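Data block below; observations after.
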Amino acid sequence: MNGPSEGELFRKVMGAQWLTLHPDIRRRFEKNPAPGQPLYYRGELSELTSSRLGKVLGWLTRPFIDGALIPYDDHDFPVDIEVYSRPACPFIFKQRTYRLHGRAPIRFTSYMAESAKGEVLEYVGMGLGMKLLLHVEDGNLHFTSDGYFLDLFGWRMPLPGVLTPGKTYLCHRNDTPQQFNIRIEIRHALFGTTFTQVGVFRESAAPALHKETP
């Protein structure tokens, strides 16, 4: 049986704020991919940057959570996003494939989950995750991290903020019914902005050479 869509989770957490979102954004997140029937988005990042600290963290974490913190700078390159579910699993997975100039594709997969307290959690690999707070500004959806944690057999161990890349800010802004733009910034409390991603994405059909989802 398929689990709830991200939209169902967000509506539950946001309450009345959900209805203040742009209708295109609500419709986008209400789509619930059945197992074996992913949703696809294609786009282009106009900006991918990381500070010196960001690059160090990217290289240090690469063996454990490859793709979560990209230690490169680039611009105007394609990115594919695949949103999918797995049988008998309540989570919604997102796989991003970054096709930087002159490098092998970088893949990064995370998934959204609801905590027992009704919180929105995003897991990025190896039990590492962050709690997300959602709010609406001018009809657009904003995500702000509210602490990183390491999930140890269901128990969340908080991580000190200074030992993380920083607080994550993501804005999902609607352009048209089929297009949206994303801006992600991670800002360290002591060292400023460590990572930035800016891009535009469009809903897409399945790739011609579809590979089975994990």
Side-chain angles (χ1 to χ4, degrees), residues 1-35 38-39 41 61 65 67-69 81-86 88-96 108-161 164-174 180-189 194-195 197 199 201 213-214:
M1 184 176 176
N2 206 16
S5 68
E6 286 183 308
E8 290 175 79
L9 172 59
F10 296 168
R11 182 172 59 232
K12 178 180 177 183
V13 172
M14 298 171 70
Q17 266 204 93
W18 171 257
L19 295 176
T20 65
L21 270 174
H22 193 289
D24 291 341
I25 298 178
R26 293 205 306 267
R27 177 189 55 78
R28 197 168 292 130
F29 281 101
E30 283 172 341
K31 292 182 177 178
N32 198 10
L39 304 174
Y41 301 90
T61 58
I65 48 172
L69 303 173
I81 300 176
E82 183 174 335
V83 182
Y84 63 90
S85 63
R86 293 174 175 168
C89 178
F91 308 141
I92 298 293
F93 297 82
K94 286 185 183 175
Q95 177 178 275
R96 299 93 167 162
F108 165 56
T109 302
S110 66
Y111 67 87
M112 291 278 190
E114 180 184 7
S115 76
K117 297 179 180 178
E119 303 158 316
V120 177
L121 307 177
E122 182 168 19
Y123 287 83
V124 299
M126 300 292 288
L128 182 65
M130 56 184 167
K131 176 184 168 185
L132 295 175
L133 302 178
L134 285 64
H135 73 278
V136 180
E137 287 183 22
D138 299 326
N140 299 303
L141 182 56
H142 293 253
F143 300 80
T144 305
S145 66
D146 186 28
Y148 291 78
F149 60 84
L150 191 61
D151 193 317
L152 301 172
F153 306 106
W155 177 70
R156 283 189 278 154
M157 182 178 75
L159 299 178
T164 71
K167 203 175 185 73
T168 298
Y169 300 86
L170 187 153
C171 176
H172 177 118
R173 191 179 304 276
N174 196 64
F180 58 95
N181 69 76
I182 293 287
R183 182 178 186 89
I184 303 172
E185 290 187 11
I186 304 180
R187 304 174 195 156
H188 194 279
T194 50
F195 294 92
Q197 292 186 19
F201 294 86
T213 55

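Being a predicted model, the structure only gives us computed values, none of them experimental.
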- Task: Identify, with sequence neighbours excluded, every residue that meets ring pair (Phe, Tyr, Trp, His ring centres under 6.0 Å) alongside Tyr111.
- Result: Phe91, Phe93, Tyr123
- Message: Whether the side chain of Ser110 engages the backbone of Glu122 through a donor-acceptor N/O pair (distance < 3.5 Å, no angle test) should be reported.
- Response: no
- Applying salt bridge (charged side-chain N to carboxylate O under 4.0 Å, His left out) to Glu6 and not counting sequence neighbours gives Lys94
- Could you tell me whether the side chain of Asn140 and the main chain of Asn174 form a donor-acceptor pair under 3.5 Å? yes
- Task: Under the side-chain contact (heavy atoms from CB on, under 4.5 Å) rule, collect the residues that match up with Thr144, sequence neighbours excluded.
- Result: His135, Lys167, Tyr169
- To the nearest 0.5 Å, atom CZ of Phe143 lies from atom CG of Leu133 at 11.0 Å
- Item | Between CD1 on residue Ile182 and OH on residue Tyr41, distance to nearest 0.5 Å | 10.5 Å
- Query: Quick check: are there more than 12 heavy atoms from other residues, nucleotides or ligands sitting under 6.0 Å from NZ of Lys12?
  - Reply: no
- Contacts of Val13 that satisfy side-chain contact (heavy atoms from CB on, under 4.5 Å) - sequence neighbours left out: Leu9, Val120
- Message: Quick check for you: to the nearest 0.5 Å, what is the distance between Met14 atom CE and Leu19 atom CG?
- Response: 9.5 Å
- Query: Just wondering, do Ile92 and Pro33 contact through their side chains at under 4.5 Å, heavy atoms?
  - Reply: yes
- Task: Would you confirm whether Arg26, through its side chain, and Gly7, through its main-chain N or O, come within 3.5 Å as a donor-acceptor pair?
- Result: no
- Sorted by chain and residue number, the side-chain contact (heavy atoms from CB on, under 4.5 Å) partners of Thr168 (sequence neighbours excluded) come out as Met130, Ser145, Tyr148, Ile184, Ile186
- Item | Residues in ring pair (Phe, Tyr, Trp, His ring centres under 6.0 Å) contact with His172, at least two apart in sequence or another chain | Phe29, Phe180
- Smallest heavy-atom separation, Leu69 atom then Pro165 atom, equals CD1-CG, 3.7 Å
- Item | Reported NE2-to-CG distance for the pair His142 and Leu21, which is rounded to 0.5 angstrom | 9.5 Å
- Spacing of Leu170 atom CG and Leu141 atom CG [to the nearest 0.5 Å]: 8.0 Å
- Item | Any residue meeting ring pair (Phe, Tyr, Trp, His ring centres under 6.0 Å) with Phe195, in chain and number order, not counting sequence neighbours | none
- Query: Heavy atoms, side chains only, cut-off 4.5 Å: are Trp18 and Leu134 in contact?
  - Reply: no
- Query: Which pairs count as salt bridge (charged side-chain N to carboxylate O under 4.0 Å, His left out) when at least one residue sits in residues 144-153, sequence neighbours excluded?
  - Reply: Lys131-Asp146
- Message: Please enumerate all residues that pass salt bridge (charged side-chain N to carboxylate O under 4.0 Å, His left out) together with Arg173, with sequence neighbours excluded.
- Response: none
- Task: Please name the residue in the list Glu114, Arg156, Met112 that meets the side chain to side chain contact (heavy atoms under 4.5 Å, CB included) test with Leu121.
- Result: Arg156
- Message: Donor-acceptor pair, distance only, cut-off 3.5 Å: does the side chain of Glu82 make one with the backbone of Pro38?
- Response: no
- Any side-chain heavy-atom pair from Ile65 and Phe108 closer than 4.5 angstrom? no
- Query: Who pairs with Arg28 by salt bridge (charged side-chain N to carboxylate O under 4.0 Å, His left out), at least two apart in sequence or on another chain?
  - Reply: Glu203
- Measure across Leu128 and Leu150 and return the closest heavy-atom pair with its distance rounded to 0.1 Å. N-CD1, 4.0 Å
- Query: Under the side-chain contact (heavy atoms from CB on, under 4.5 Å) test, which residues partner Arg183, sequence neighbours left out?
  - Reply: Glu47, Glu185, Thr196, Val198
